[in-house]
Protein chains: 2
Amino acid sequence: MPDSAFAEIRNLDLFAQMTDENFAALMRGAYVQNFPAQIDLISEGDPSDFLHVVLSGSVDLFSTWNGRDTSLATVRPIATFILAATVKDAPYLMSARTLEKSRIALIPSQDVRAIFDVDGNFARAVVTELAQSYRTVVKSQKDLKLRTSLERLANYVLRQQKRSGEVSSFFLECEKRRLASVLGMTPENLSRAFKGLVPYGVQVEGTRVTILDQGELERFAKPNPLIDDTSV
Amino acid sequence: MPDSAFAEIRNLDLFAQMTDENFAALMRGAYVQNFPAQIDLISEGDPSDFLHVVLSGSVDLFSTWNGRDTSLATVRPIATFILAATVKDAPYLMSARTLEKSRIALIPSQDVRAIFDVDGNFARAVVTELAQSYRTVVKSQKDLKLRTSLERLANYVLRQQKRSGEVSSFFLECEKRRLASVLGMTPENLSRAFKGLVPYGVQVEGTRVTILDQGELERFAKPNPLIDDTSV
DNA sequence: CGCAGCCTTGACAAATGTCAACAAACGTGG
DNA sequence: CCACGTTTGTTGACATTTGTCAAGGCTGCG
């Protein structure tokens, strides 16, 4: 593994507090690989052989059932995914594919579990990471069950605006068909939902979103920190 | 705290592997309380002062937004809840209320975090618990996003049947209005959904559910271990 | 009893999905 | 750099799913 990737991973919260010795042991069997876009990385149901770390690019976590499929999350650098499956030595619950050209580190799951068993600091870091992931899914669950698709979109627009630095105009960072899936609706419904936000001062041209009336949009969306804030 | 409750808690996976000394420290500030039915235990947004352990009875975890509310999970003995909020020292994402008369142990969150910092075995047990919780929510998310309400109900019926020991007739263990909320629908829709399962050999009288044609129901429900199995 | 809450049912409305058509954007190979 | 085909996004018409409102029956409990 190149030193640069090594350092990037070492600086992750998940690995920052462990001993040099244990980190080295973890990296011994690890390797970094470059993937083109739209490549399947893992398939739900497979045993969790590797903990994945996205170093660059982005990864879609999705699931299928009975011919349908849905996007559950996007992983962006620098972050890990399928940590829960790794520590539980259980099959993946989600599939993963690259959304774009991506560089991904693969750490053998059995090494993760072995180090986890002997390194208390690492175990504590895993807890923090898992607690964060858990709370993220719970928030997403609330979003899905308590809001209509129009409300979910309105709040998504506000969240993206915040990510872009509170500006009044910004770009969607993913395909609309995928955004629809993330928000739990069809592409057609998303297309109409964007139209449905026009009365609240939201304008969309291609991937550019412009908020003409912040107050009106917020009055409609009613964003809530316990659903929409990533830091809570 | 009475010895019996003490022993019950000690035997939980979460606390079984920690040292006697640390367990004693954890229990020093803890207490057990009896609550009647329908009592609010915690409110979403509140700081996480206590880790809760349900010793008997049952607890509903729910959330509200903009005048709507939804049940997210049921906690039954013996299990803890809001562990993620406790370890992250973050506000509760869900509210909790007793569904019936319940006995609940309250362990100060700051003690949990303190012991967590010094006891590696406890930290590892927390990981297992959180990973389990995380995977449960992910499965629920897939259930919600990939299935219609009729399909969710059909699979719920099959899961309950399994819990009851694979018998052909069993009882629902919660109010139908709450079941509707858990499954993400209205009580009226649930009422009609039960009717919609009649063609697949499901009969409902009050809280008694009878499966007349196991094969037909399974062909319709298409249960999937990665969504419906609690052990995976 | 009588009230309150739950469950059910009917009639209707709103939200969302499906299918088909077409336009726009994108990528690839010539 | 262009032509081509593929994919994505949009729109309309329509079907299905789900929610809402109102009413009535049932049950449990004071």
Side-chain angles (χ1 to χ4, degrees), chain A residues 36-39 60 62 65-71 97-101 143-156 171-200 202-209 220-221, chain B residues 36-38 60 65-71 97 99-101 143-156 171-200 202-209 220:
Chain A
Q38 311 302 338
I39 291 291
D60 180 34
F62 66 100
W65 178 81
N66 196 27
R68 289 163 232 171
D69 68 294
T70 188
S71 282
R97 70 187 149 213
T98 55
L99 286 168
E100 53 192 309
K101 196 166 170 303
D143 191 44
L144 268 174
K145 291 186 77 176
L146 289 167
R147 291 170 170 165
T148 66
S149 60
L150 192 60
E151 290 165 342
R152 290 199 295 277
L153 178 60
N155 281 290
Y156 177 85
F171 292 91
L172 297 173
E173 85 316 322
C174 81
E175 271 185 342
K176 286 184 186 172
R177 69 182 288 102
R178 212 180 83 79
L179 174 58
S181 182
V182 168
L183 294 176
M185 52 177 131
T186 58
E188 294 96 325
N189 194 10
L190 175 64
S191 203
R192 286 167 184 131
F194 271 126
K195 291 247 148 61
L197 289 183
V198 169
Y200 305 107
V202 177
Q203 200 175 306
V204 182
E205 307 132 305
T207 62
R208 181 190 206 93
V209 178
F220 171 71
Chain B
Q38 311 301 338
D60 181 33
W65 178 80
N66 196 25
R68 290 163 232 172
D69 67 295
T70 188
S71 283
R97 69 187 149 213
L99 286 168
E100 53 192 310
K101 195 165 170 304
D143 191 44
L144 266 176
K145 291 186 77 176
L146 290 167
R147 291 170 170 165
T148 66
S149 60
L150 192 59
E151 290 164 344
R152 291 199 295 278
L153 178 60
N155 281 289
Y156 176 85
F171 292 92
L172 297 172
E173 83 318 320
C174 79
E175 270 186 345
K176 285 185 185 171
R177 69 183 289 101
R178 212 180 81 79
L179 174 57
S181 182
V182 168
L183 294 176
M185 54 177 130
T186 58
E188 294 96 325
N189 194 9
L190 175 65
S191 203
R192 287 167 183 131
F194 271 126
K195 290 247 149 60
L197 289 183
V198 169
Y200 305 106
V202 178
Q203 200 176 305
V204 181
E205 306 132 304
T207 62
R208 180 191 206 93
V209 177
F220 171 71

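Below, chain A is the first sequence line, B the second, and so on; all start at residue 1. Remember, predicted model here, so these are calculated numbers, not experimental data.
In terms of the salt bridge (charged side-chain N to carboxylate O under 4.0 Å, His left out) criterion, residue partners of Glu173(A) (sequence neighbours excluded) are, by chain and number, Arg76(A). Contacts of Phe194(A) classified as ring-ring contact (aromatic ring centres under 6.0 Å, His included), with partners at least two apart in sequence or in another chain: none. For the salt bridge (charged side-chain N to carboxylate O under 4.0 Å, His left out) test, residues two or more places apart in sequence or in another chain that qualify with Arg178(A) are Asp60(A). Contacts of Tyr156(A) classified as ring-ring contact (aromatic ring centres under 6.0 Å, His included), with partners at least two apart in sequence or in another chain: none.
Between the P atom of dT20(D) and the CG atom of Leu190(B) lies a distance of 15 Å, rounded to the nearest Å. For Glu205(A) and dA25(C), the CD to C1' distance is 16 Å, given to the nearest whole Å. Leu153(B) has its CG atom 15 Å from the C1' atom of dT17(D), to the nearest Å. In this structure, Arg178(A) atom CZ and dG9(D) atom C1' are separated by 17 Å, rounded to whole Å. In this structure, the CG atom of Leu179(B) is 11 Å from the P atom of dT8(C), given to the nearest Å. We find that CD of Glu100(A) is positioned 12 Å from P of dG27(C), with the value rounded to whole Å. Taking atom NZ of Lys176(B) as the reference point, atom C1' of dT8(C) lies 9 Å away to the nearest angstrom. Atom CD in Glu151(B) sits roughly 14 Å away from atom C1' in dT18(D) (whole-Å rounding).
At least one side-chain heavy atom of Leu183(A) sits under 4.5 Å from a side-chain heavy atom of Leu153(A).
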Polar-atom pairs under 3.5 Å, protein N or O versus N or O of nucleotides 21-30 of chain D: list them with distances, or write none.
from	atom 1	to	atom 2	distance (Å)
dC21(D)	N4	Glu188(B)	OE2	3.1

Interface polar pairs with nucleotides 12-16 of chain C, N/O, under 3.5 angstrom:
from	atom 1	to	atom 2	distance (Å)
dT16(C)	OP1	Ser149(A)	N	3.1
dT16(C)	OP2	Ser149(A)	OG	2.6

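Judged by distance alone, with hydrogens and angles left aside, the side-chain atoms of Lys176(B) form a donor-acceptor pair with the main-chain N or O of Gly206(B) at under 3.5 Å. Here the side chain of Lys145(A) pairs a donor or acceptor atom with the backbone of Val182(B) at under 3.5 angstrom.
For the atom pair Thr70(B) OG1 and Trp65(B) CH2, the distance stands at 13.0 Å (nearest 0.5 Å).
Minimum atom distance to the side chain of Arg177(B) is reached by dC6(C), of the listed dC6(C), dT8(D), dT10(D).
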Query - Stepwise side chain to side chain contact (heavy atoms under 4.5 Å, CB included) test for Ser149(B) and Asn189(B) - result: CA-CA 8 Å; Ser149(B) 60; Asn189(B) 194 9; 3.6 Å; yes
